[in-house]
Amino acid sequence: MRNIFLSILIFSSFSANGALAAVLRVPQDFKTVSGAVEAARPGDTVVVDEGVYRENVVINKGIALRAKKGPGSAVIQAAIKSDPAVKIIDASGVTVEGITATGSAASGIILVNASDCTLKDNHSVSNVYGISLYNSRGNTLTGNVTNSNENYGIYLERASNNTLKENTSNMNKDKGFFISYSNNNIVVRNNANMNTWNGMTVWSSHNNVFKENMTLRNTYGIVLSDSANNELVDNTTLPNVFIILPIFLVYLGILTYLIQKNFLRFVLGIK
Amino acid sequence: MLRILGLFDFFSIFSNIPTIFASIGLILATSSFISGLQLVRAASLAERKIHRFNGLTTFTLYISLAVLAFAYNGVRFWPLIGWVSGLCLFLLKIWIVRRKRRVYKYVSWMGATLILVWLFLVYIHIPV
């Protein structure tokens, strides 16, 4: 009796730690990412090998989706362009890591009614929105790259208590980060450079913290509108410095001439 | 504490090859122009080497930029006219210098025109 009790205790302990979680490999075990995601149970991990997968992946349970060979190796290209490449909906504790999401007229990666999810080192490029969060709480976005999207790199709408850390959102055709009707978010050490409009826009959002972000060469760096009690600490904003770039280059040209002349004269002995 | 603008971050905003090529071109064209002006005053082997080396490098960069522009955007009429006009300026300047060395002081205007060409190239290659 005592042994049975101990066995049950050990089994439940392993289950709680995820020791029984399965690893589903794409394309070895499943041909498609969607197939693996559908077959996965909460706590399982779907590992995607390098390649381009033309599909729209929907995740609605607490699983992990990882690229086997790191960021940029596994590309999920939206098969139906009007849908997101990766959609996390009504789920908690989802992890998406190292995936490249592209080709969506909606979002590369979208979170809807999601909580406590982690998006790490993903690339979401050439979509209309890079990464979007709607009605989602307590999520962490770290080290993601959301460049060259038609509208925004990272978009939050009615999404609160999220952490956006060390993401890069450059060269989007509207804004790098757009935080709309979203409160109590922490935005720290992100880059939002060379976006056509604002680096970061905060719209009707309150009690957010913006710390040590870098916004270079946007039309405007960080714009707060209709927002209160936001904290901005040690952010670097640099306007469009390229107006003075040619002057700087001409100055470098003069220095180059002096260096070349003195090098020839004093090092090579040519006069 | 204020985050220091790192070297990598600084260069990342110049992170496309045409901008880098155009920037190097303007730097070397400026150096070449100054050495050319010095050559008008007095003949000097060092100045001639600087002038020729920088001139040849900028010419190569110009050709590379033109090839990249056609590769990225295809061959279109007005850009083609622009690149060919710039090339003609280069060739005209070289031809005049090699034909009549006494026209150096007039060629300085040609050098200044080439600087303007590089200024234009830098401006059009600034992204966004």
Side-chain angles (χ1 to χ4, degrees), chain A residues 145 147-148 166 168 170-174 176 188-197 199 211-219 233-271, chain B residues 1-6 8-16 19-39 42-55 57-58 61 111-112 114-128:
Chain A
V145 176
N147 295 345
S148 307
E166 293 167 3
T168 299
N170 295 343
M171 292 182 287
N172 296 289
K173 289 180 184 167
D174 200 318
V188 59
R189 287 199 292 277
N190 298 283
N191 288 323
N193 306 325
M194 295 189 291
N195 297 289
T196 304
W197 198 233
K211 191 176 179 186
E212 298 176 6
N213 298 290
M214 190 174 287
T215 58
L216 310 176
R217 294 198 53 223
N218 306 287
T219 302
V233 184
D234 289 347
N235 298 291
T236 304
T237 59
L238 201 63
N240 200 333
V241 292
F242 274 57
I243 300 300
I244 61 163
L245 176 67
I247 298 165
F248 176 67
L249 293 174
V250 167
Y251 176 70
L252 280 182
I254 296 166
L255 288 180
T256 305
Y257 166 71
L258 293 171
I259 290 166
Q260 286 176 320
K261 188 175 179 180
N262 286 309
F263 178 79
L264 287 173
R265 180 175 291 174
F266 296 113
V267 179
L268 300 181
I270 299 169
K271 292 187 179 179
Chain B
M1 200 176 93
L2 184 68
R3 190 177 170 206
I4 298 167
L5 187 65
F8 178 79
D9 295 317
F10 182 75
F11 280 108
S12 72
I13 58 176
F14 298 93
S15 59
N16 66 72
T19 308
I20 293 168
F21 276 18
S23 300
I24 296 170
L26 181 56
I27 291 169
L28 294 181
T30 306
S31 177
S32 182
F33 178 60
I34 297 167
S35 56
L37 288 177
Q38 296 297 320
L39 276 174
S44 158
L45 184 60
E47 303 287 359
R48 202 171 74 188
K49 281 189 179 297
I50 293 169
H51 191 66
R52 282 193 173 177
F53 172 77
N54 291 345
T57 312
T58 50
L61 286 170
L114 288 177
I115 292 278
L116 291 178
V117 168
W118 279 107
L119 275 172
F120 179 71
L121 284 176
V122 167
Y123 269 117
I124 62 167
H125 281 102
I126 292 170
V128 184

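Computed from a predicted model, the values in this text were never measured in an experiment.
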- [ ] Taking all heavy atoms of Thr256(A) and all of Ser31(B), pick out the closest pair and write down the distance.
- [x] C-OG, 4.1 Å
Open item on the list: Given heavy-atom pairs under 4.5 angstrom as the criterion, report whether the side chain, backbone, both or neither of Leu45(B) touches chain A.
Closed with: both
TODO: Could you tell me which of Leu119(B), Asn54(B), Ile50(B) has the largest number of non-hydrogen atom pairs under 4.5 Å with chain A?
DONE: Ile50(B)
Open item on the list: Are Ile34(B) and Lys261(A) packed together at the side-chain level, in the sense that at least one heavy-atom pair is separated by less than 4.5 angstrom?
Closed with: no
- [ ] Kindly compute the distance separating NE2 (His51(B)) from OH (Tyr257(A)), expressed to the nearest 0.5 Å.
- [x] 11.5 Å
